[in-house]
Amino acid sequence: MKGRKLLMIPGPIEFTPEVLRAMGMATTSHVAPNFIEVFGQALERLRQVFLCPSGQPFVIAGSGTLAMDIAAANLIEPGDNALVVNTGYFSDRFAAILERYGAAVTQVRAPAVGDAPALEEVEAALKEHRPKLMTITHVDTSTAVGADVKGLAALGREYGALVVVDGVCAVAGEEMRQEQWDIDLALTASQKAIGVPPGLALLVAGPRAMDAFRKRKTPVGNYYADWTKWLPIMEGYEARQPRYFGTPPVNLIWALGVSLGQILDEGMDARFARHQRLSKALKAAVTALGLRQVPVAPDKTATTLTAPYYPDGVDRTVLGHIKEAGVILAGGLHPAIKAQYFRIGHMGVVSASDILATVGAIEKGLSQVGYEFEAGVGLAAAQAVLIRQ
Ligand SMILES: *Cc1c(COP(=O)(O)O)cnc(C)c1O
């Protein structure tokens with residue numbers, strides 16, 4: 001029997017063999033001609049994956065939290081108003097980061113865990129506070145709530161706010177059209193739907209964000225995050241003229257180039273549609289098994305992630321049985337409900353057979369902890385969706 005288990009958590013995800021091979025290649029100099037080409041091409045591809053032809057990409061060693069930190073460090077000056085559309089744990093984190101750089105933060109909170117604030121409430125806050133910047137968490141990884149990024153971004157723009165999207169659990173999985181939707185800055189990390197091992201903070205800044213950065217009156221309060229340092233590096237590599245600020249993570253950037261190539265080979269529209277189809281199948285299975293989900297309504301739900309509550313009498317020990325059946329899932333994260341639910345990530349190279357394997361393992365685990373249901377009912381529900389679409 002193969003020892004390998006299927007990793008179905010909201011990052012790190014499963015990576016393709018080609019991506020993993022790039023991680024294992026002999027590391028070259030960061031100014032070797034073949035690396036310069038790969039880095040330059042990765043920057044060009046990032047623009048295509050974010051669907052932002054006029055954007056300025058940044059690829060910087062660090063995790064998704066660094067990407068959030070970079071956004072705040074470069075766009076906030078002490079005393080600026082900022083608005084956080086709060087859908088959970090990672091929205092709280094963005095508020096804390098913005099405050100660290102001196103922003104006066106207003107939060108519009110969801111009425112309950114699993115919900116998202118209404119557009120009208122966000123509009124009222126925009127009207128009242130006229131923030132310089134507004135943040136949206138595309139997929140709140142603690143609740144599997146998916147925000148209406150398109151609607152919120154349009155509102156933010158209407159009131160002159162720079163729209164910043166934390167797309168760490170979303171970019172390259174959820175539909176996001178940065179330029180068309182008027183998003184000023186979108187960011188993610190390599191280990192989620194981008195499909196590269198952890199270690200890269202990825203951002204694409206639109207012209208208004210770059211303009212706001214250039215018009216700053218105060219220096220950026222973080223040496224490593226400062227776009228003044230990084231912009232010449234990104235422009236340099238894209239022009240195939242390497243420059244040095246901090247040593248780039250050579251193998252990760254090779255892997256990024258490979259993964260972005262695979263993403264673009266599939267095509268963004270096909271990729272969004274695949275994520276939607278697989279999400280629908282998994283969510284149908286969860287419902288058929290009698291499990292409720294954290295998001296309060298289907299239109300508040302992410303397509304990269306599913307967060308079911310444990311049924312009555314079941315707790316996180318079921319995750320151990322599911323793992324023994326071959327699939328690794330994640331426990332709860334949101335402090336208010338942490339012990340009551342679990343999370344299934346389904347993004348990146350995830351396939352229909354991964355979904356069926358996951359549902360099979362969940363059924364096996366549930367039966368082992370004594371939950372009563374008709375064996376195969378989840379599998380049938382998932383398969384019904386997969387066969388239809
Ligand atoms: C994972 C995640 C982050 C944090 O990324 P790290 O790489 O763990 O620092 C931020 N926001 C969202 C929405 C996430 O899913």
Side-chain angles (χ1 to χ4, degrees), residues 7-15 50 58-73 84-98 100 107 109-110 113-114 116-117 134-149 152-153 163-176 178 183 185-204 222 224-225 249 252 255-256 259 275 279 294-295 300-307 329-335 338 341-348 350:
L7 187 58
M8 298 289 283
I9 67 172
I13 63 165
E14 294 276 331
F15 305 123
F50 281 62
F58 292 89
V59 174
I60 298 173
S63 84
T65 306
L66 178 73
M68 299 163 80
D69 202 69
I70 290 171
V84 170
V85 180
N86 194 314
T87 45
Y89 181 93
F90 286 104
S91 310
D92 289 343
R93 179 174 294 188
F94 223 152
I97 294 171
L98 292 163
R100 188 63 68 92
Q107 301 205 54
R109 289 179 181 279
V113 174
M134 160 177 149
T135 69
I136 307 163
T137 310
H138 195 157
V139 172
D140 195 283
T141 317
S142 70
T143 54
V145 169
D148 172 9
V149 170
L152 288 165
V163 174
V164 175
V165 173
D166 171 358
V168 180
C169 202
V171 173
E174 297 282 341
E175 180 178 5
M176 201 263 309
Q178 185 174 348
I183 296 162
L185 179 67
L187 60 91
T188 188
S190 50
Q191 78 275 17
K192 305 229 179 158
I194 293 282
V196 173
L200 292 176
L202 307 168
L203 305 93
V204 176
N222 179 320
Y224 185 74
L252 277 168
L256 177 68
S259 192
H275 280 80
S279 174
V294 176
K300 303 275 168 75
T301 305
T303 59
T304 52
L305 187 63
T306 301
L329 305 180
L333 177 65
H334 195 292
K338 198 170 161 43
Y341 76 112
F342 62 106
R343 297 174 300 150
I344 310 159
H346 33 89
M347 60 190 112
V350 62

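Values below: every heavy atom of this structure, side chains too, minus hydrogens, waters and symmetry copies. Just so you know, ligand 1 is whichever comes first in the structure, and atom 1 is the first atom listed for that ligand.
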Can you spot which of V149, L305, T304 makes a side chain to side chain contact (heavy atoms under 4.5 Å, CB included) with E174? T304
In ligand 1, the atoms that come under 4.0 Å of a heavy atom of T141 are 12 (C), 13 (C), 14 (C), 15 (O)
for atom 8 (O) of ligand 1, nearest protein heavy atom and its distance come out as Q191 NE2, 4.0 Å
The reported gap from CE in M134 to CD1 in I183 (rounded to nearest 0.5 angstrom) is 10.0 Å
Just which atoms of ligand 1 are under 4.0 Å from any heavy atom in G64? 5 (O), 6 (P), 7 (O), 9 (O)
Could you find the nearest protein heavy atom to atom 10 (C) of ligand 1 and give me its residue, atom name and distance? F90 CD2, 3.2 Å
Looking at A170 and V139, what are the two nearest heavy atoms and their distance? CB-CG2, 3.9 Å
Pair R109 + D92, salt bridge at N-O below 4.0 Å: yes
Would D140 count as being in polar contact with ligand 1, using the rule that some N or O on each side must be under 3.5 angstrom apart? no
Heavy-atom distances under 4.0 Å decide this one: backbone, side chain, both or neither, for D166 against ligand 1? side chain
For H138, state whether at least one heavy atom is located under 4.0 Å from any atom of ligand 1. no
Between the CE atom in M8 and the CE atom in M347, the distance rounded to the nearest 0.5 Å is 9.0 Å
Within 4.0 Å of some non-hydrogen atom of K192, the atoms of ligand 1 are 1 (C), 2 (C), 3 (C), 14 (C), 15 (O)
Which of these, I194, D166, V165, sits in a side chain to side chain contact (heavy atoms under 4.5 Å, CB included) with V171? I194
For ligand 1, the portion of T137 having any non-hydrogen atom under 4.0 Å away: side chain
Any chance you could measure I136, atom CD1, to N86, atom CG, to the nearest 0.5 Å? 12.5 Å
Can you list the atoms of ligand 1 that are under 4.0 Å from a heavy atom of S63? 6 (P), 7 (O), 9 (O)
Given the rule in the side chain to side chain contact (heavy atoms under 4.5 Å, CB included) test, do T141 and R343 qualify, once you have shown the distances and angles that lead to the verdict? CA-CA 9 Å; T141 317; R343 297 174 300 150; 3.7 Å; yes
May I ask you to list the atoms of ligand 1 that are less than 4.0 angstrom from any heavy atom of M68? 10 (C)
Could you grab the distance from atom CG of D69 to atom OH of Y224, nearest 0.5 Å is fine? 11.0 Å
I need the atoms of ligand 1 closer than 4.0 Å to a non-hydrogen atom of C169, numbered in the order shown. 15 (O)
For V139, the ligand 1 atoms with a heavy-atom partner under 4.0 Å come out as 13 (C)
